[in-house]
Amino acid sequence: MEDKILKEIKQIRRLLSELVGTSELPASQKFSKEAIAKTAKEFQKMSIERGEWLSDDGIRKVIKSATWRSGKMIVEKFGFTNYFKRGHTLYLNRKDLIVLNKELKERNIDLKKYAELLDDQAKFEKLVQSIQFPKGTKTKKHFKIPENLRDIQSKPYSAPTEELVRNEIESLMAEYKKFDLSEYVDLYEQKTYALFKYDYSFDRYVKPEVKKFCKDWCFKFNYANNALKRILELKIEDPTL
């Protein structure tokens with residue numbers, strides 16, 4: 001019985017070495033890390049050629065609203081784990097992309113528009129940070145503070161009341177409905193973030209005053225909602241506020 005098992009193991013090893021392409025190598029090299037890594041890369045290459053794995057350019061074959069950089073966004077924002085990186089290129093599993101595409105359709109999510117939203121939010125956050133921390137306020141690595149320089153502090157002025165900010169948001173939403181801004185502005189994040197619609201094909205036909213009004217409205221709306229978010233955070237940190 002033991003002889004039979006050993007014989008079968010030897011057959012399995014021989015078949016595996018032929019599959020890996022190392023049958024002609026010495027026994028010590030047949031299943032080395034280098035040989036297995038090389039084989040894994042060959043399998044990846046064949047899988048890519050068969051269309052089982054799709055790069056950024058290929059994702060659009062499955063998700064029509066994808067852009068050339070959607071791969072990284074899908075991995076980072078949707079927790080997509082069935083992928084690998086070859087060089088500087090990401091390859092995502094086609095079958096899982098099909099399942100993802102189905103769920104995106106059910107949730108009515110356009111990847112291109114989602115990418116625009118993320119970019120706009122990043123720009124807005126950068127603007128807010130630049131206001132809070134102006135250029136030149138970063139501490140230098142090489143410095144010498146005068147010995148007698150002490151006790152120079154200032155408490156920030158009190159945050160606006162929650163009621164004041166909520167009233168402004170309510171007023172802005174009234175304008176949104178009154179002037180039918182939904183024609184030019186989309187609301188996201190449960191109607192707490194506004195994004196001006198942009199279409200290169202028609203942008204030059206939008207009146208400048210309309211474009212300016214809508215962009216100003218978006219800034220005020222996003223600023224107010226950001227302020228409300230910060231006020232609620234402060235109340236959690238200090239319930240007495």
Side-chain angles (χ1 to χ4, degrees), residues 69-70 72-81 103-104 106-198 209-241:
R69 59 174 181 166
S70 290
K72 183 179 179 182
M73 181 179 71
I74 289 172
V75 170
E76 293 180 350
K77 298 301 181 181
F78 301 147
F80 195 96
T81 57
E103 189 161 342
L104 289 174
E106 290 174 354
R107 296 193 182 202
N108 195 30
I109 297 173
D110 182 292
L111 279 191
K112 183 179 180 181
K113 181 57 67 174
Y114 182 49
E116 290 179 13
L117 174 62
L118 292 175
D119 285 344
D120 194 74
Q121 287 178 326
K123 291 176 183 176
F124 181 76
E125 182 63 26
K126 187 176 181 181
L127 175 62
V128 172
Q129 289 296 318
S130 70
I131 295 173
Q132 294 177 343
F133 306 102
K135 290 183 178 180
T137 59
K138 293 183 179 179
T139 304
K140 296 181 179 180
K141 292 183 179 180
H142 303 286
F143 57 83
K144 183 178 180 181
I145 301 177
E147 183 61 31
N148 61 347
L149 190 61
R150 279 178 168 70
D151 301 322
I152 299 179
Q153 294 186 12
S154 175
K155 292 182 65 176
Y157 54 78
S158 301
T161 64
E162 181 179 341
E163 182 183 6
L164 177 65
V165 177
R166 288 191 182 278
N167 286 341
E168 182 181 14
I169 294 173
E170 185 177 342
S171 175
L172 288 166
M173 284 303 299
E175 285 185 2
Y176 185 82
K177 295 175 182 178
K178 179 180 178 181
F179 299 114
D180 194 21
L181 296 185
S182 60
E183 178 72 17
Y184 301 100
V185 177
D186 286 323
L187 297 180
Y188 297 103
E189 307 288 341
Q190 298 181 331
K191 296 184 178 181
T192 61
Y193 194 89
L195 180 65
F196 177 69
K197 296 179 182 180
Y198 175 79
E209 58 270 23
V210 172
K211 191 184 301 184
K212 183 179 185 305
F213 179 85
C214 290
K215 287 186 175 182
D216 287 345
W217 186 92
C218 286
F219 176 80
K220 289 187 286 187
F221 184 78
N222 293 339
Y223 193 94
N225 275 282
N226 185 73
L228 178 61
K229 178 182 176 182
R230 182 58 184 147
I231 289 171
L232 296 178
E233 289 174 347
L234 290 172
K235 284 190 174 183
I236 293 175
E237 295 172 7
D238 185 356
T240 62
L241 293 177

CD1 on Ile74 to CG on Leu104, rounded to 0.5 Å: 7.5 Å

Which atom of Pro160 lies closest to which atom of Ile231, heavy atoms considered: O-CD1, 3.2 Å

Flag side-chain contact, heavy atom, 4.5 Å: Tyr114 against Met73: yes

Rounded distance [0.5 Å steps], CD1 in Ile169 versus OH in Tyr176: 15.0 Å

Separation between NZ of Lys215 and CG of Leu195, rounded to the nearest 0.5 Å: 10.5 Å

Criterion side chain to side chain contact (heavy atoms under 4.5 Å, CB included) on Val210 and Glu183, from CA distance to verdict: CA-CA 11 Å; Val210 172; Glu183 178 72 17; over 6 Å; no

Lys191, NZ: over 12 other non-hydrogen atoms inside 6.0 angstrom: no

4.5 Å side-chain heavy-atom contact, Leu187 and Met173: yes

Within-4.5 Å side-chain heavy-atom neighbours: Tyr193 and Asp120: yes

Reported NZ-to-CD distance for the pair Lys220 and Glu175, which is rounded to 0.5 angstrom: 5.5 Å

Phe221 and Trp217 aromatic ring geometry - parallel, tilted or perpendicular at 30°/60° bounds: parallel

Distance flag, aromatic centroids of Phe179 and Phe213, threshold under 6.0 Å: yes

From OH (Tyr188) to CG (Leu118), nearest 0.5 Å: 10.5 Å

Pairwise distance CD(Glu162) to CG(Asn167) - rounded to 0.5 angstrom: 10.5 Å

Lys113 NZ: over 12 foreign heavy atoms closer than 6.0 Å: yes

Carboxylate-amine/guanidinium proximity below 4.0 Å for Glu116 and Lys197: no

Residues Glu163 and Arg166 bridged, charged N to O under 4.0 Å: no

Any donor-acceptor N/O pair, Asn222 side chain to Ala194 backbone, under 3.5 Å: yes

Over 12 non-hydrogen atoms of neighbours within 6.0 angstrom of OH in Tyr223: no

Short N-O contact, Glu209 and Lys212, less than 4.0 angstrom: no

Aromatic ring pairing Phe124/Phe219, orientation class (parallel under 30°, perpendicular over 60°, tilted between): perpendicular

CD/Glu170: more than 12 non-hydrogen atoms of other groups inside 6.0 Å: no

